[in-house]
Amino acid sequence: MRLSHNFTKTLREAPADEVALNAQLLIRAGFVYKEMAGAYAYLPLGIRVLEKIKQIVREEMNVIDSQEIIMTSLQNKAVWEKSGRWSDEKVDVWFKSKLQDGTDVGFGWTHEEPIIEMMQQYIQSYKDLPVSVYQFQTKMRNELRAKSGIMRGREFIMKDMYSFHANTEDLAGYYDKVIQAYERTYDRLGIGDDTYMTFASGGAFTKFSHEFQTICDAGEDVIYLHRGKNIAVNEEVLDEAIEELGLDKKDLEPIKTAEVGNIFNFGTQKSEEMGLYFTDQAGTQNPAYLGSYGIGITRVMGVIAEKFSDEHGLVWPNNIAPARVYLVQIGDVENQVNELYNKLQQAGIETIWDDRDMRPGEKFADADLIGIPHRVVVSPKTLEAGKLEYKSRSKSESQLIDEPTLFKLLSV
RNA sequence: CGGGGAGUAGCGCAGUUGGUAGCGCACGCGGUUUGGGACCGCGGGGUCGCAAGUUCGAAUCUUGUCUCCCCGACCA
């Protein structure tokens, strides 16, 4: 990407109505645009990060044999009435509207009911089970108050996955596979070391659901961590969990965290509500066992922006940075930079080429703000030395290296 | 939804005994510059959130309304 072709521009100062660090940095650097409270547009740089996060999640869900689909944002009132959750008293985040003929429709805040409804068409026999599906969807939730930048919006992207099983053991086995897949996912996203599986409320079938909580000052949750046993408990179920798990409160350390995932074992409750039954080997009808598994994609991006930044700007982890290399052109050296740019492209190394007609200082400042992991400078000076200037975003000193060394460095 | 704060140019801000709006950044033109956000000159851009009201006159006073932010509550 040639930066001169990018329509966004960086800001020296963040808009006054943004207090959340993630939104301040992402807006200043040109990753997102705020449409209204709790609703953000994703710009070219932001899309790159978002797609990388999605791709990592996609790959890990595929590993556990889940199949990708896309459901609809418009939802059918009748489907939700089956579970009783069309009611505004039961669900206070509904966005609702009407078709021109007066028919009520809702905007999806989750897809549990619709997916169960849909799967009735495809699951009749034990032979059709197990099955797991997932999607990346924009969820709409009419929150009373949006906050924390892109970490808690009224519109956000979530990966939601649903699995259907013939019996509780099969679901339990899959549930464990999901946990492992989530752990691999958070590792690859660069937040694995700070992310804890946490006992939380909300299990319909089991006593607890499990959240994945990432240490983050901007988070909204507090978990209690037992470092020795590596067990974490959400504050909301602290007393119950201490009792259930035989923990001593004095061994637990409270930590501020942000929820980046939540998985549920619903047992057969929802299938019974919605009427999802299958025929077993004996020819009898049974409700399917359901698991539900979410990862907040845009929230993960916010958490990472929040966690990995310094006084100069964003510091993206390698795997989700919008590019690997930020190539700074200083002076009249376009041809030489173009040559290196093409080599990087051919090597499959995503590069942002700062070919703008600006002073070096501004380019360096933007390189830092945008947070690309590797910075390479080409200037008359470096060309004279027959070298390239290299700097890692996370280090303060730069060094002169030759081209083979650069490619070796980038191949890791 | 309760409490608090704020809406003036794309962004950050100034502008009270009420007198017709200004600064920095950004933007356009010219020139000098060119390795960590340059400098000089000239220039464009604002229904002062919106609507009523008071007044000869309102960014400024009154009322209403919309929006945004923070704390709390809420959060499958």
Side-chain angles (χ1 to χ4, degrees), chain A residues 7-20 23-24 27-30 33-39 80 83-85 89-94 108-113 139 141-149 151-154 156 158 160 162 200-206 208-211 218-221 234-237 258-259 261-267 269-270 273 290-294 296 299 311-313 328-333 354 356-369 375-385 389 391 396-398 400:
Chain A
F7 73 85
T8 62
K9 46 179 78 173
T10 55
L11 293 173
R12 276 187 201 232
E13 292 168 297
D17 69 355
E18 287 290 1
V19 173
Q24 288 192 343
I27 290 172
R28 281 184 55 208
Y33 167 80
K34 182 185 201 164
E35 175 66 26
M36 55 186 282
W80 283 90
S83 69
R85 292 209 292 178
E89 282 72 55
K90 283 205 171 167
V91 174
D92 62 4
V93 293
W94 268 120
W109 55 278
T110 178
H111 287 71
E112 285 161 0
E113 274 79 346
K139 306 294 184 191
R141 296 189 183 178
N142 199 349
E143 303 274 2
L144 228 37
R145 180 185 164 203
K147 58 186 284 195
S148 307
M151 289 172 64
R152 180 167 174 182
R154 298 195 168 93
F156 57 93
M158 179 162 150
D160 47 329
Y162 308 93
S201 67
F205 183 68
T206 49
F208 302 109
S209 74
H210 292 97
E211 291 171 344
E220 300 183 59
D221 291 308
N234 193 305
E235 189 174 39
E236 66 191 13
V237 294
E259 179 193 328
N262 197 182
I263 61 178
F264 301 88
N265 180 331
F266 283 123
Q269 180 201 320
K270 293 207 155 286
E273 283 172 359
L290 173 67
S292 168
Y293 320 89
R299 178 179 286 180
E311 68 274 23
H312 300 296
V328 183
Q329 172 186 335
I330 296 180
D332 187 18
V333 294
D354 193 346
R356 297 173 300 173
D357 182 22
M358 295 170 86
R359 298 169 66 83
E362 291 179 85
K363 296 191 179 193
F364 294 144
D366 281 348
D368 288 344
L369 178 60
R375 189 187 82 188
V376 175
V377 179
V378 177
S379 70
K381 239 196 253 182
T382 63
L383 288 172
E384 197 178 330
E389 181 188 298
K391 185 177 109 51
S396 52
E397 70 285 356
S398 62
L400 286 176

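Convention: sequence-line order gives letters A, B, ...; per-chain numbering from 1. Owing to the predicted nature of the structure, the values given are computational and were not obtained by experimental measurement.
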Checklist entry - Can you name the one residue among A:Ile263, A:Asn262, A:Asp160 that meets side chain to side chain contact (heavy atoms under 4.5 Å, CB included) with A:Tyr293? => result A:Ile263
Checklist entry - Roughly, in whole Å, what's the span from NZ in A:Lys147 to C1' in B:rC74? => result 10 Å
Item to check | Side chains of A:Met151 and A:Glu220 in contact at under 4.5 Å (non-hydrogen atoms) | outcome: no
Checklist entry - Between B:rG15 and B:rC61, how far is it from one P atom to the other, in whole Å? => result 13 Å
Next on the checklist: Counting only Watson-Crick pairs (N1-N3 plus N6-O4 or O6-N4) and G-U wobbles (N1-O2, O6-N3), all under 3.5 Å, who is the partner of B:rG57?
Outcome noted: none
Checklist entry - Can you find an N or O donor on one side and an acceptor on the other, under 3.5 Å apart, linking the side chain of A:Arg145 with the base of B:rC75? => result no
Next on the checklist: Measuring only the P atom in each nucleotide, how far is B:rU65 from B:rC56? A whole number of Å is fine.
Outcome noted: 28 Å
Checklist entry - Just one of A:Arg359, A:Arg375, A:Arg356 clears the salt bridge (Lys or Arg N to Asp or Glu O under 4.0 Å) bar with A:Asp366, so which one? => result A:Arg356
Next on the checklist: Distance check, P atoms only: B:rG10 and B:rG53, in whole angstrom units.
Outcome noted: 28 Å
Checklist entry - A:Arg152 versus A:Arg145: any side-chain heavy-atom pair under 4.5 Å? => result no
Which atom pairs link the protein and nucleotides 36-44 of chain B when you take only N or O atoms and keep those under 3.5 Å?
{"unit_1": "B:rG36", "atom_1": "O6", "unit_2": "A:Arg375", "atom_2": "NH1", "d": "2.4"}
{"unit_1": "B:rG36", "atom_1": "O6", "unit_2": "A:Arg375", "atom_2": "NH2", "d": "3.0"}
{"unit_1": "B:rG36", "atom_1": "N1", "unit_2": "A:Asp368", "atom_2": "OD2", "d": "3.3"}
{"unit_1": "B:rG36", "atom_1": "N2", "unit_2": "A:Asp368", "atom_2": "OD2", "d": "2.6"}
{"unit_1": "B:rG37", "atom_1": "O2'", "unit_2": "A:Arg12", "atom_2": "NH1", "d": "3.0"}
{"unit_1": "B:rG37", "atom_1": "O2'", "unit_2": "A:Arg12", "atom_2": "NH2", "d": "2.4"}
{"unit_1": "B:rG37", "atom_1": "N2", "unit_2": "A:Asp366", "atom_2": "OD1", "d": "3.3"}
{"unit_1": "B:rA38", "atom_1": "OP2", "unit_2": "A:Arg359", "atom_2": "NE", "d": "3.1"}

Checklist entry - To the nearest angstrom, how far is A:Glu18 atom CD from B:rG12 atom C1'? => result 14 Å
Checklist outcome for this item: Atom CD of A:Gln24 and atom C1' of B:rC70 are separated, to the nearest Å, by 13 Å
Item to check | A:Glu143 CD to B:rC75 P, straight-line distance once rounded to whole Å | outcome: 10 Å
Checklist entry - Of the non-hydrogen atoms in A:Val378 and A:Val333, which two are nearest, and what is the gap between them? => result O-CG2, 3.7 Å
Checklist entry - Taking any strand in view, what nucleotide pairs with B:rG12 in a Watson-Crick or G-U wobble way, both distances under 3.5 Å? => result B:rC23
Taking only N/O atoms, report every protein-nucleotides 65-67 of chain B pair under 3.5 Å with atom names and distance.
none

Checklist outcome for this item: Whole-Å distance, A:Trp94 CH2 to B:rC74 C1', equals 18 Å
Checklist entry - Where is the tightest heavy-atom contact between A:Ser83 and A:Glu273, given as atom of each residue plus distance? => result CB-OE1, 3.5 Å
Checklist entry - Looking at A:Arg85 and A:Glu112, does any basic side-chain N land under 4.0 Å from a carboxylate oxygen? => result yes
Checklist entry - On a whole-Å scale, what distance lies between the P atoms belonging to B:rU8 and B:rC69? => result 14 Å
Checklist entry - At under 4.0 Å between heavy atoms, what does A:Val377 touch on the DNA or RNA strands: base, sugar-phosphate, or nothing? => result base
Next on the checklist: For A:Ala20 versus A:Gly149, what's the shortest heavy-atom pair and its separation?
Outcome noted: CB-N, 3.5 Å
Checklist entry - For A:Phe264 and A:Ser201, which heavy atoms make the closest approach, and how far apart are they? => result CE2-O, 4.4 Å
Checklist entry - So does A:Glu13 pair up with A:Arg28, basic N to acidic O under 4.0 Å? => result no
Checklist entry - Taking any strand in view, what nucleotide pairs with B:rC68 in a Watson-Crick or G-U wobble way, both distances under 3.5 Å? => result B:rG5
Checklist entry - Nearest-Å distance, CD (A:Gln329) to C1' (B:rU34)? => result 13 Å
Checklist outcome for this item: Using Watson-Crick geometry (N1-N3 plus N6-O4 or O6-N4) or G-U wobble (N1-O2, O6-N3), each under 3.5 Å, B:rC42 is paired with B:rG28
Next on the checklist: At 4.0 Å (heavy atoms only), tell me whether A:Lys34 reaches a base, stays on the sugar-phosphate, or touches nothing.
Outcome noted: sugar-phosphate
Checklist entry - Counting side-chain heavy atoms from C-beta on, which of B:rG24, B:rC1, B:rC69 comes nearest to A:Glu13? => result B:rG24
Checklist entry - Between A:Asp357 (CG) and B:rA26 (P), how many Å, whole number? => result 14 Å
Next on the checklist: What's the gap between B:rC48 and B:rU20 when it is taken at their C1' atoms, as a whole Å value?
Outcome noted: 12 Å
Next on the checklist: Does the structure show a Watson-Crick or G-U wobble partner for B:rC75, both distances under 3.5 Å? Name it, or say none.
Outcome noted: none
Item to check | Whole-angstrom distance between B:rG46 and B:rC23, as gauged at atom C1' | outcome: 14 Å
Next on the checklist: Test side chain to side chain contact (heavy atoms under 4.5 Å, CB included) on A:Phe208 and A:Asn234; report intermediate values, then the result.
Outcome noted: CA-CA 10 Å; A:Phe208 302 109; A:Asn234 193 305; over 6 Å; no
Item to check | Euclidean distance for C1', B:rC74 against B:rG57 (whole angstrom) | outcome: 49 Å
Item to check | Atom-to-atom span, CG of A:Asn234 to C1' of B:rC75 - whole angstrom | outcome: 11 Å
Next on the checklist: Say we look at B:rU55 and B:rU63: how far apart would their C1' atoms be, to the nearest angstrom?
Outcome noted: 16 Å
Item to check | Along RNA chain B (nearest heavy atom to each residue), the more 5'-positioned of A:Ala14 and A:Thr110 | outcome: A:Ala14
